[in-house]
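What follows is a single structure, written as structure tokens, with notes after it.
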Amino acid sequence: VSKAYFNLTVCVIASALLSIPYSFDKTGWLVGVPLLAGVGFCVDYPLLCLGKTCMKLEVYDYQELCEISFGKLGRYIQALIQLALSFSLMISYQIISAENLMGILRADWVKYA
């Protein structure tokens, strides 16, 4: 399970990194650099706050942090949201892969049909 999760994470991160040049092409350097820095801050700051909270409470598990903060119901809701997010990411990845594969197959096989 951990290898599958790692592979899915790498695929999502790789596709995001590969889209950065396209984004810079459309926005230009003047808008692209501050926008990228702003998005980086918006992602990084909550993670830093989450890490400090976990260290202060001596909690090493996100599910446990949700349980401390919101009770048993919070832990169950977090697990459900995490499951839905993982499942939707896998579905999205399959759809994108299928579209790319159909584009490749259509381009190569149409010539020989």
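Sequential numbering from 1 along the given sequence is applied to the chain's residues. Below, each value reflects all heavy atoms present in this structure, side chains not excepted, and no hydrogens, waters or symmetry copies.
- Neither I81 nor Y62 shares a network with the other; the hydrophobic side chains, linked directly or stepwise wherever heavy atoms of I, L, V, M, F, W or Y lie under 4.5 Å apart, form separate groups for each.
- Heavy atoms only, all atoms of each residue included: L17 and P21 are closest at O-CD, 3.7 Å.
- Here the straight-line distance linking atom CD1 of I68 with atom SG of C54 works out to 8.5 Å at 0.5 Å rounding.
- Looking only at side-chain heavy atoms (C-beta outward), L50 and L65 come within less than 4.5 Å of each other.
- Rounding to the nearest 0.5 Å places CD of Q78 at 12.0 Å from CD of E64.
- Listed by chain and number, the residues in a salt bridge (Lys or Arg N to Asp or Glu O under 4.0 Å) with K26 amount to none (sequence neighbours excluded).
- Note on W29 and I20: same hydrophobic cluster, where clusters join Ile, Leu, Val, Met, Phe, Trp and Tyr whose side-chain heavy atoms are under 4.5 Å apart, directly or indirectly.
- No side-chain heavy atom of L36 sits under 4.5 Å from any side-chain heavy atom of V33.
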Between Q63 and Q82, does a side chain to side chain donor-acceptor pair (under 3.5 Å) hold up when you go through it step by step? CA-CA 10 Å; Q63 288 84 9; Q82 188 174 7; 2.9 Å; yes
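- A distance of 11.5 Å separates CG of L85 from CG of L80, quoted to the nearest 0.5 Å.
- Under a cut-off of 6.0 angstrom, the local environment of CG in L48 is crowded, with over 12 non-hydrogen atoms contributed by other residues, nucleotides or ligands.
- Note that CE of M90 and CD1 of I95 are 12.5 Å apart. Values are rounded to the nearest 0.5 Å.
- Closest approach of C66 to G74, counting heavy atoms only: CB-O, 4.0 Å.
- Residues F70 and R75 form no side-chain contact, since every pair of their non-hydrogen atoms from C-beta on lies 4.5 Å or further apart.
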